[in-house]
Amino acid sequence: MSSHSSQAQDAPRSPLTLATWNVNSIRARADRVIDWIGRSDVDVLAMQETKCKDSQFPYERFAEIGYEVAHFGLSQWNGVAIASRVGLEDVQTGFPGMPGFAKDPEAEQAGEARAISALAGGIRVWSLYVPNGRELTDRHYGYKLDWLAALRTYAEKQVTDDAGAQIALVGDWNVAPLDEDVWDMEFFEGKTHVSQPERDAFTAFADAGYKEITRGFTPGPGVYTYWDYTQLRFPKKQGMRIDFQVCSPALADRATEASIDREERKGKGASDHAPVIARFA
DNA sequence: ATGTCGTGGACGCCACGA
């Protein structure tokens, strides 16, 4: 049994608010993110697509408002972080067995900055940025499926080793699990995010005992977490639900509420994703 | 492809990724 899960299990339980948000560049979005944290009063915020190296992350902006940050960024692409005001211990970058990617199929497939985790407020929080997939025929699509399968293998082992493990797999999953999670299934015919293998890869976490806890509090149809910048998708209410909080059984039992802050998608300088917030008892 | 963003490199735009 890992020390992480027993630590989490033994930690005192107190109510906690956890949010996940693909910020699409923390440097371009720092003011909005800092303002939002102040307004929303979250204990822990998992961020994706920070689009910077560790040396470029605006740690001091978060420190000023009382949040520690663990960030994992290797270049201008990807980048994941966790901000917490309830402690941040035992940071891990990447998960065991995580596949890598390189343009050259013959080259070593190096790990990308798509997963970071820390123990925060007694919960093992993972901030995840699942590969996009691009096209069904693209090498990135196979990479995405392999990445999700490896994450599922890791996640399943955690709850097999410790049935009481408090684990949150939150982030941009880049999968729309149900038809109602996109505005028009005909538009998505033959595209990524809605293909059966991607949906099966997402459902596999439920088969391992995990539960996506935000949907039940924010039922569709027409409820989304992402709207493309192009084609006036947001004003036309043409979005996708692709950001989720997938929780281990013991943590899922503690979920008391969830919401999607679509107000944050409005106005100049908005990310193309909205924050997805959950409360645990 | 793009009623759009963000990044970096060598600009005053282009390529790339989403």
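In the text below, chain A, chain B and the rest are named by the order of the sequence lines, each starting its count at 1. Just so we're clear, the structure is a prediction, and the values are computed from it rather than from any experiment. All heavy atoms count here, side chains included; hydrogens, waters and symmetry mates do not.
The aromatic rings of A:Phe188 and A:Trp183 lie perpendicular to each other, with more than 60° between the two planes, well past the 30° mark. By the 30° and 60° cut-offs, the orientation of the rings of A:Tyr224 relative to A:Trp227 is perpendicular. The aromatic rings of A:Phe205 and A:Tyr210 sit perpendicular, their planes meeting at an angle over 60°, well past the 30° parallel limit.
A side-chain contact (heavy atoms from CB on, under 4.5 Å) with A:Met47 is found for exactly one of A:Val33, A:Val80, A:Ile116, namely A:Val33.
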Exercise. Which nucleotides of nucleotides 8-18 of chain B have their base under 4.0 Å from a protein heavy atom (B), which only their sugar-phosphate (S), and which neither (-), written as one string 5' to 3'?
Worked result: S-------BBS
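With P as the reference atom, B:dT7 and B:dG3 are 22 Å apart, rounded to whole Å. Between B:dC14 and B:dA10, the distance separating the two P atoms is 16 Å to the nearest Å. A gap of 15 Å separates the C1' atoms of B:dC16 and B:dT2, to the nearest Å.
Note: CG (A:Leu232) to C1' (B:dT4) measures 10 Å, nearest angstrom. In this entry the distance linking NZ of A:Lys236 with C1' of B:dT2 reads 11 Å, nearest Å. We find that NZ of A:Lys268 is positioned 13 Å from C1' of B:dG6, with the value rounded to whole Å.
Annotation: side chain to side chain contact (heavy atoms under 4.5 Å, CB included) contacts of A:Ala281 (sequence neighbours excluded): A:Thr256.
With A:Phe187 as the aromatic partner, A:Lys191 meets the cation-pi criteria of under 6.0 angstrom to the ring centre and within 45 degrees of the ring axis.
At least one side-chain nitrogen or oxygen of A:Arg29 sits closer than 4.0 Å to the OP1 or OP2 atom of B:dG6.
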